[in-house]
A.B. asks: 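After the structure tokens below, expect a handful of questions from me.
Since the model is a prediction, treat every value here as computed from it, not as a measurement. Labels below follow one simple rule: chain letters A, B, ... track the order of the sequence lines, proteins then strands, and each chain is numbered from 1.
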Number of protein chains: 2
Amino acid sequence: MTPPRKTPTMTDVARLAGVSPMTVSRAFKADSSISGATRNAILKAADQLGYVFDSTASNLRSQKTDFVAVTIPSINTANFADTVRALSDGLKPRGLQMLLGTTDYDMAEEERLIEQLLRRRPEAIVVTGGNHTPRARRLLENAGIPVIETWDLPETPIDHVVGFSNALAVRGMVDHFVTKGLTRIAFIGGDTSRDTRGADRRSGFVAAMAAHGLDPSRLVAAGPPPVSMRAGADAMARLLQDHPDTEAVICVSDLSAFGALTECQRRGVPVPDHISIAGFGDDEIAGISVPSLTTINPHPRDIGSQVVALIGDLLDGKRTDAARIVISPDLILRQSSL
Amino acid sequence: MTPPRKTPTMTDVARLAGVSPMTVSRAFKADSSISGATRNAILKAADQLGYVFDSTASNLRSQKTDFVAVTIPSINTANFADTVRALSDGLKPRGLQMLLGTTDYDMAEEERLIEQLLRRRPEAIVVTGGNHTPRARRLLENAGIPVIETWDLPETPIDHVVGFSNALAVRGMVDHFVTKGLTRIAFIGGDTSRDTRGADRRSGFVAAMAAHGLDPSRLVAAGPPPVSMRAGADAMARLLQDHPDTEAVICVSDLSAFGALTECQRRGVPVPDHISIAGFGDDEIAGISVPSLTTINPHPRDIGSQVVALIGDLLDGKRTDAARIVISPDLILRQSSL
DNA sequence: CTGAAAGCGCTAACAC
DNA sequence: GTGTTAGCGCTTTCAG
């Protein structure tokens with residue numbers, strides 16, 4: 001019977017290859033000065049032993065983990081998933097590994113998560129949103145690594161920002177509707193206490209309506225974020241009942257907008273003839289549903305790739321100032337609005 | 001001007017609190033024997049110094065990382081995201097941190113990813129699918145940690161399995177259509193060379209059709225996975241052109257099924273009166289679209305929570321045999337099919 | 001291009 | 001309940 005075979009270490013590989021452990025170390029590092037012949041011999045010996053490089057030891061000694069920590073509210077939300085994908089894809093070729101955690105739209109949970117992630121000693125940390133508990137903010141400020149806040153444009157950023165104004169984006173949509181002559185406009189959104197980006201979109205709506213001298217009180221709460229299609233449909237049902245004369249509705253997300261659209265379809269309410277519908281996100285569904293959905297594209301993939309580029313520059317020392325990269329959301333006009 | 005303040009270590013905290021580093025270590029471990037008073041004093045000192053526990057050192061010394069590695073083909077796919085969410089949510093209370101990587105439906109990329117993840121010394125690794133390069137398989141076999149293959153039912157599993165038969169699930173759908181009297185049935189799917197689960201669904205379709213003595217040749221290729229709504233719509237356009245007498249179509253995913261549905265709507269082809277449509281996944285859209293979509297629910301969240309329970313039992317030593325947990329996909333009949 | 005010595009920050013193992 | 005010693009598996013640093 002075989003003994004409980006211990007995992008082989010560099011020393012084992014060194015012995016088999018007839019070199020010092022230091023040379024084995026060099027063989028596993030891309031740009032180190034080592035002859036091709038010895039490297040090949042070492043890699044062969046390593047393969048023979050089933051050796052797997054131990055990052056934990058390497059990380060401790062070199063004080064480098066090649067981790068980039070990322071927090072998002074939810075993973076099953078197309079927009080955030082798109083940003084994460086762009087992040088992950090961009091970090092990979094740079095040899096960086098994403099360390100992802102979700103906050104479930106909860107700032108206390110975000111604080112716990114940030115602390116846990118910082119313990120892993122990432123090279124940088126990317127957080128979604130510009131609102132944090134005081135302790136979370138302090139942890140980030142003292143982390144000694146680049147901090148990038150995204151999907152938002154905080155007034156007093158911790159460090160770097162790659163984002164956009166959610167309020168301003170919705171204001172553009174309101175302006176568009178008003179220009180088209182619509183005045184009785186409603187907003188469907190989630191619990192503003194949890195989703196700060198959703199809250200910003202709602203306050204953008206209220207401010208824009210007020211600026212046009214219009215009634216901003218047609219606000220329908222659609223439950224906890226992320227607002228589902230079903231929640232959007234239910235909210236639309238309530239809106240049609242409470243304010244049957246509503247001419248247009250802006251939804252906090254494309255999912256809720258699509259849900260709202262289906263509710264109209266089930267009730268035989270023609271869109272956009274009877275009511276215009278707009279979403280947020282430019283998810284794939286917005287472009288393909290019948291009718292297609294007017295929406296706002298906040299360029300989630302761009303956010304991810306801009307963050308990657310920024311992290312690259314920061315880690316390479318090519319840049320040291322606090323970046324403030326502003327993404328411009330685009331208004332996408334489609335069939336669901338006049 | 002302040003010196004380039006070094007990150008404080010346990011030794012610094014110990015000095016300030018007037019205890020030994022070992023006692024500080026105990027203060028940061030949940031279940032260790034230490035008096036409440038000293039713990040509080042230590043945590044206060046740590047807070048004062050801005051000390052952040054260093055997992056990298058802890059991991060090396062204790063030979064425990066509390067990482068669970070997870071590979072999925074794509075993060076922007078609702079089904080996988082649901083499994084990942086259940087995984088992440090379940091691991092969190094156990095003090096385990098998910099280490100997520102995406103393969104982009106590429107086995108060579110999966111091999112690279114698996115090697116990179118194993119270097120981080122996770123406690124367990126969860127992979128999507130039962131198909132791997134020979135080297136990837138060898139790496140997993142020799143990893144010395146629990147390996148869980150998911151979303152599939154491989155004939156020769158590496159270790160543990162939590163999944164279902166994609167082929168069998170689609171066979172159930174074909175059987176249902178045949179029972180309803182439909183015979184001219186098509187299949188819309190992605191590149192079978194890359195997406196092995198998609199390939200299994202397709203081969204399940206072909207086998208089921210053949211078993212009923214029906215023509216299994218109405219196969220429409222919809223491009224690289226994950227098959228988008230748009231790709232589903234384009235595939236439907238081709239199907240309607242090439243085989244206008246098709247009575248039913250089974251799509252590899254709900255996204256492609258919804259895309260196909262919208263194409264019918266744009267062309268004025270009534271669903272299900274002229275053609276029945278079925279998807280796969282039971283994404284939220286399937287239940288809410290008008291008409292709603294007949295589909296298969298493979299219970300992605302169950303897969304995730306079963307995996308978590310299994311990992312828990314394995315790490316606690318409550319279980320040592322190779323598990324084979326079979327999930328039963330459910331046929332969900334809705335308006336899009338007769 | 002290769003090697004020897006030392007040590008990254010924590011904790012297992014053992015004392016008391 | 002607390003302290004001491006040693007060492008996890010690498011890589012920095014310095015020689016050669």
Side-chain angles (χ1 to χ4, degrees), chain A residues 4-43 45-46 49-67 95 116 118-123 144, chain B residues 4-43 45-46 49-67 95 116 118-123 144:
Chain A
R5 190 170 44 108
K6 254 194 61 196
T7 311
T9 70
M10 273 193 181
T11 312
D12 301 317
V13 177
R15 197 175 305 120
L16 182 61
V19 295
S20 75
M22 191 56 234
T23 306
V24 177
S25 174
R26 291 192 177 103
F28 276 91
K29 205 175 153 189
D31 57 340
S32 50
S33 49
I34 183 173
S35 83
T38 32
R39 164 169 279 149
N40 287 337
I42 288 168
L43 293 181
L49 290 174
Y51 170 75
V52 176
F53 182 91
D54 188 335
S55 295
T56 69
S58 169
N59 292 344
L60 174 58
R61 177 63 246 225
S62 64
Q63 297 291 81
K64 268 186 78 238
T65 60
D66 292 336
F67 274 136
Q116 201 200 327
L118 289 178
R119 288 178 168 208
R120 302 279 186 183
R121 295 289 188 269
E123 312 296 335
Chain B
R5 190 171 43 108
K6 253 193 58 195
T7 311
T9 71
M10 274 193 180
T11 310
D12 300 317
V13 178
R15 197 176 304 121
L16 182 60
V19 296
S20 75
M22 191 60 232
T23 305
V24 177
S25 173
R26 292 193 177 102
F28 276 91
K29 203 174 154 188
D31 58 339
S32 48
S33 50
I34 183 175
S35 83
T38 34
R39 165 170 277 150
N40 286 338
I42 288 168
L43 294 181
L49 291 174
Y51 170 74
V52 176
F53 182 91
D54 188 335
S55 296
T56 68
S58 171
N59 293 344
L60 174 59
R61 176 63 243 226
S62 64
Q63 298 290 77
K64 269 187 78 236
T65 60
D66 292 337
F67 275 136
Q116 202 200 326
L118 290 178
R119 289 177 168 208
R120 302 280 186 184
R121 295 289 189 265
E123 313 295 336

A.B. asks: Return each pair, listed once, that meets salt bridge (Lys or Arg N to Asp or Glu O under 4.0 Å) where at least one residue sits in residues 26-43 of chain B; pairs must be two or more places apart or across chains.
C.D. replies: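 Residue pairs passing salt bridge (Lys or Arg N to Asp or Glu O under 4.0 Å), neighbours aside: none found.
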A.B. asks: Less than 4.0 angstrom from a charged side-chain N to a carboxylate O is my criterion; do B/D54 and A/R121 meet it?
C.D. replies: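 The answer is yes: the pair qualifies as a salt bridge.
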A.B. asks: I want to check one thing: is the phosphate of D/dC10, taken as OP1 and OP2, less than 4.0 Å away from some side-chain N or O of A/Y51?
C.D. replies: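 So the side-chain polar atoms of A/Y51 do come within 4.0 Å of the phosphate oxygens OP1 or OP2 of D/dC10, strictly under.
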A.B. asks: Grab the CZ-C1' distance between B/R39 and D/dT2 for me, whole Å please.
C.D. replies: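 The answer, rounded to whole Å, is 14 Å.
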A.B. asks: Closer than 4.0 Å, any side-chain N/O of B/T11 to the OP1 or OP2 of C/dG9?
C.D. replies: no
A.B. asks: For B/T38, answer base if it contacts any base atom (sugar-phosphate contacts may also be present), sugar-phosphate if it contacts only those atoms, and nothing otherwise; contact means non-hydrogen atoms under 4.0 Å.
C.D. replies: sugar-phosphate
A.B. asks: Between atom CZ in A/R119 and atom P in C/dG9, what is the gap in whole Å?
C.D. replies: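 About 16 Å, once rounded to whole Å.
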A.B. asks: Is B/T65 close to A/T56 at the side-chain level, that is, under 4.5 Å between some pair of heavy atoms?
C.D. replies: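 The answer is yes, as the side chains (C-beta and beyond) meet within the 4.5 Å cut-off.
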A.B. asks: State whether A/F67 and B/R120 meet the cation-pi test: NZ (Lys) or CZ (Arg) under 6.0 Å from the six-membered ring centroid, and within 45° of the perpendicular axis.
C.D. replies: yes
A.B. asks: Quick check: on DNA chain D, is the nucleotide nearest A/T56 upstream (toward 5') of the one nearest B/T23, or the reverse? Name the residue that is more 5'.
C.D. replies: B/T23
A.B. asks: So, A/D12 side chain and A/T9 main chain: donor-acceptor pair closer than 3.5 Å or not?
C.D. replies: yes
A.B. asks: Touch check for B/T9, heavy atoms < 4.0 angstrom, all strands: base, sugar-phosphate only, or nothing?
C.D. replies: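 B/T9: backbone/sugar contact only, no base atoms under 4.0 Å.
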A.B. asks: How would nucleotides 11-16 of chain C be written as a contact map, 5' to 3', with B for base contact, S for sugar-phosphate-only contact and - for no contact, using protein heavy atoms under 4.0 Å?
C.D. replies: BBB---
A.B. asks: Taking any heavy-atom pair under 4.0 Å as a contact, classify B/L60: base, sugar-phosphate, or nothing.
C.D. replies: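 B/L60: base contact, heavy atoms under 4.0 Å.
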A.B. asks: Atom CD of B/Q63 and atom C1' of D/dG9: how far apart are they, to the nearest Å?
C.D. replies: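 Those two atoms, CD and C1', are 8 Å apart.
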A.B. asks: The criterion is side chain to side chain contact (heavy atoms under 4.5 Å, CB included); which residues satisfy it with A/A46, sequence neighbours excluded?
C.D. replies: A/V13, A/F28, A/Y51
A.B. asks: When the distance from CG of A/D54 to C1' of D/dG7 is rounded to whole Å, what number comes out?
C.D. replies: 14 Å
